[in-house]
There are 2 protein chains.
Amino acid sequence: MPAQTIIMSASPAPVTAAPHAATGETLFWEGDAAERLYRIESGIVRGVRYTEEGERNIVGFYFAGDMIGVPVAGAYRFTAEAVTDVTYTAVLLDRLADDVRSGGAARLFETVQTELGADELHSQLLCRHGALQRMCAFISGLYRRLGGATIEAIAQVDMADYLALTPETVCRSLKKMRDSGVIAMPRHNRIDVVDPGALAAMSFQ
Amino acid sequence: MPAQTIIMSASPAPVTAAPHAATGETLFWEGDAAERLYRIESGIVRGVRYTEEGERNIVGFYFAGDMIGVPVAGAYRFTAEAVTDVTYTAVLLDRLADDVRSGGAARLFETVQTELGADELHSQLLCRHGALQRMCAFISGLYRRLGGATIEAIAQVDMADYLALTPETVCRSLKKMRDSGVIAMPRHNRIDVVDPGALAAMSFQ
DNA sequence: CGTTACGTTGACTACGATCAAGCCGTGTGG
DNA sequence: CCACACGGCTTGATCGTAGTCAACGTAACG
């Protein structure tokens, strides 16, 4: 069950602690009626969808500053699960409409940038032929997005489900990247980007 | 150069002929400042993007009723090219903001449904392993979207660039589908869906 | 009528999925 | 505290499939 905490209507003075979701918890479920958007304040969230055949797909990873939960036909497009401990702010849809009213055309699309951008990125990654290039492009993208050399907490299984690869292939690709010296892995779930330039170069075959 | 015709501000009485783009013409360019959205009235449009390495990617096909041209950071996300002759309506962004003002939360996301849905579909297709399944899912999706048994005018090269396959593989997959009797191809650029059920079934391996 | 782009077919190859086995780290119960 | 089990990671061997290269056929257009 997702955490149901939301920012209540009118209590501006003392900002209570931001709502929180522990590792593995679900923020919202695919298909549920969307009442609010979630703005991630800290931590990592993964967007999950299950195919008719029962395969798990990851549609995106989301980070601090991202706004997720945009509905299609009133329902959430994917299930949002906390990869790490996550703090977030919930924004009621009605409240959002007010914002747009005052913000005008420019603000109109701000709220959907995250999901539009995430989907776009996902397609671009999947278009790359070659497991190694896909992995390099993925890690390179994370490196830029997170603005730092260290990527932590994302399981290889999740990368596999995101990039439409098998866990074995992900593992082998990471090994190649280690052997090439573009990354280091002090622990299994931690990737240090050593040579960002070479990493980016390897994204384009 | 794209057709620059737009619906002018206040002339409600006699509806002039809808703006028109001939086969191959460009409606808008990736990266251009987005001033208006395009609502397709008839025909087929493809969304195109070129990678840094010069490869052509097709990000989506759009049909009558679809609204395209949603900007990210003020710029169009892809180039829109007319696959067939196309008629469309241009909606100024300012006008759109007015609409949202009067329409409230529900209308807020209506304008982005097309692109959000298209990106989602694209990811789902690309996630399928197996060229035949990908092709079947693609054709099956077109069949449902177009609400008819006939799919015309989409080149195999375009399908290849959309599904991240080679033209050769697309051709061979279509041949298999012909041999299985799920589709017929009276001409090279026309596909008749003969057995929609079997087609859908083949989408899931 | 020639040119060009697209489609078709075949032979070969490379890459990633699959199957199988073992390893490691974490968490739980005796 | 250790034993054990579980999930995730790692490595190897094999196989199938889609990419590649090459050649030819066919439709569309000026």
Side-chain angles (χ1 to χ4, degrees), chain A residues 22-24 46 48 51 53 55-58 81 83-84 125-139 151-179 183-191 202 205, chain B residues 22-25 46 48 53 55-58 81 83-85 125-139 151-179 183-191 202 204-205:
Chain A
T23 301
R46 65 170 171 248
V48 184
T51 67
E53 334 153 56
E55 286 174 6
R56 191 182 78 142
N57 280 343
I58 292 186
E81 299 173 354
V83 174
T84 61
L125 288 171
L126 290 176
C127 275
R128 287 179 200 284
H129 338 274
L132 186 58
Q133 298 154 53
R134 237 183 267 185
M135 281 294 298
C136 287
F138 173 63
I139 301 292
I151 294 152
E152 244 174 327
I154 296 182
Q156 292 181 24
V157 181
D158 285 354
M159 299 183 193
D161 285 346
Y162 179 62
L163 297 173
L165 299 170
T166 59
E168 292 95 326
T169 301
V170 168
C171 181
R172 282 187 249 264
S173 300
L174 285 172
K175 189 182 167 68
K176 282 181 195 165
M177 292 158 77
R178 255 177 286 148
D179 293 346
I183 62 164
M185 289 175 64
R187 265 171 297 140
H188 288 146
N189 61 348
R190 172 173 169 173
I191 297 172
M202 288 173 76
Q205 179 195 357
Chain B
T23 301
E25 268 183 51
R46 66 170 170 248
V48 184
E53 333 153 56
E55 284 173 8
R56 190 182 80 143
N57 280 343
I58 292 185
E81 300 172 353
V83 174
T84 62
D85 281 15
L125 288 172
L126 290 176
C127 274
R128 287 178 200 286
H129 338 275
L132 187 57
Q133 299 154 53
R134 237 182 267 184
M135 280 296 296
C136 288
F138 173 62
I139 301 292
I151 295 151
E152 245 175 325
I154 297 183
Q156 292 180 24
V157 181
D158 285 355
M159 300 183 192
D161 285 346
Y162 179 61
L163 298 172
L165 298 171
T166 59
E168 291 96 325
T169 302
V170 167
C171 180
R172 282 188 249 264
S173 299
L174 285 172
K175 188 181 167 69
K176 281 182 195 165
M177 292 159 77
R178 256 177 286 148
D179 293 346
I183 62 164
M185 289 175 64
R187 264 173 295 138
H188 288 144
N189 62 346
R190 172 172 169 173
I191 297 172
M202 288 174 77
F204 315 128
Q205 176 197 1

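This structure is a prediction, so every number in the text was calculated from the model and none was measured. Here is how names work: the chains are called A, B, and so on, in the same order as the sequence lines, proteins then strands, and each is numbered from 1.
- What separates CG of A/Leu126 from P of C/dG16 is a distance of 14 Å, to the nearest Å.
- Atom CZ in B/Arg190 sits roughly 17 Å away from atom P in C/dG7 (whole-Å rounding).
- Helix-axis bend for the helix from C/dC1-D/dG30 to C/dG30-D/dC1: the local axis fitted to the five terminal pairs at one end deviates from that at the other end by 40°, rounded to 10°.
- Atom CD of B/Gln156 and atom P of C/dA5 are 17 Å apart (whole Å).
- If you measure from atom CZ of A/Arg128 to atom C1' of C/dC15, you get 18 Å, rounded to the nearest angstrom.
- Legend: residues meeting side chain to side chain contact (heavy atoms under 4.5 Å, CB included) with B/Asn57, ordered by chain and number and at least two apart, are A/Cys127, B/Thr51.
- For the pair B/Asp161 CG and C/dC6 P, the interatomic distance rounds to 10 Å; values are reported in whole Å.
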- prompt: Please walk me through it: do B/Asp158 and B/Arg56 pass side chain to side chain contact (heavy atoms under 4.5 Å, CB included)?
  reply: CA-CA 9 Å; B/Asp158 285 355; B/Arg56 190 182 80 143; 2.4 Å; yes

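- A/Thr166 approaches A/Ala160 most closely through the heavy-atom pair C-CB, 3.8 Å.
- Closest of all the heavy-atom pairs between B/Ile154 and B/Met159 is O-CE, 3.5 Å.
- Distance NZ (A/Lys175) to C1' (C/dC15): 18 Å, rounded to an integer number of Å.
- Distance check: A/Ile151 CD1 to A/Met185 CE gives 10.5 Å after rounding to the nearest 0.5 Å.
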Polar atoms only, N or O, under 3.5 Å: list the protein pairs with nucleotides 14-18 of chain D and their distances.
residue : atom : partner  : partner atom : Å
D/dA18  : OP1  : B/Ala131 : N            : 2.9

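- Scanning for side chain to side chain contact (heavy atoms under 4.5 Å, CB included) contacts around B/Thr23 gives B/Asp85, with sequence neighbours left out.
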Discussion item. Quick one, A/Arg46 with A/Tyr162, criterion side chain to side chain contact (heavy atoms under 4.5 Å, CB included). Give me CA distance, side-chain angles, the key distance, then yes/no.
Written reply: CA-CA 10 Å; A/Arg46 65 170 171 248; A/Tyr162 179 62; over 6 Å; no

Under 3.5 Å between N/O atoms: give me all the protein pairs with nucleotides 19-27 of chain C, atom names plus distance.
residue : atom : partner  : partner atom : Å
C/dC19  : N4   : A/Glu168 : OE2          : 3.3

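- Separating the CD atom of A/Glu55 from the P atom of C/dT18 is a distance of 9 Å, rounded to the nearest angstrom.
- Looking at every heavy atom in both residues, A/Ala164 comes nearest to A/Arg134 through O-NH1, 3.7 Å.
- A salt bridge is defined here as a Lys NZ or Arg NE, NH1 or NH2 lying under 4.0 Å from an Asp or Glu carboxylate O, and B/Arg128 with A/Glu55 fails to meet this definition.
- Distance A/Leu174 CG to D/dT11 C1': 14 Å, rounded to the nearest Å.
- Atoms OG and CD1, from B/Ser173 and B/Ile139 in turn, are 10.0 Å apart once rounded to the nearest 0.5 Å.
- Taking B/Lys176 as the reference, B/Leu132 meet the side chain to side chain contact (heavy atoms under 4.5 Å, CB included) condition, with sequence neighbours excluded.
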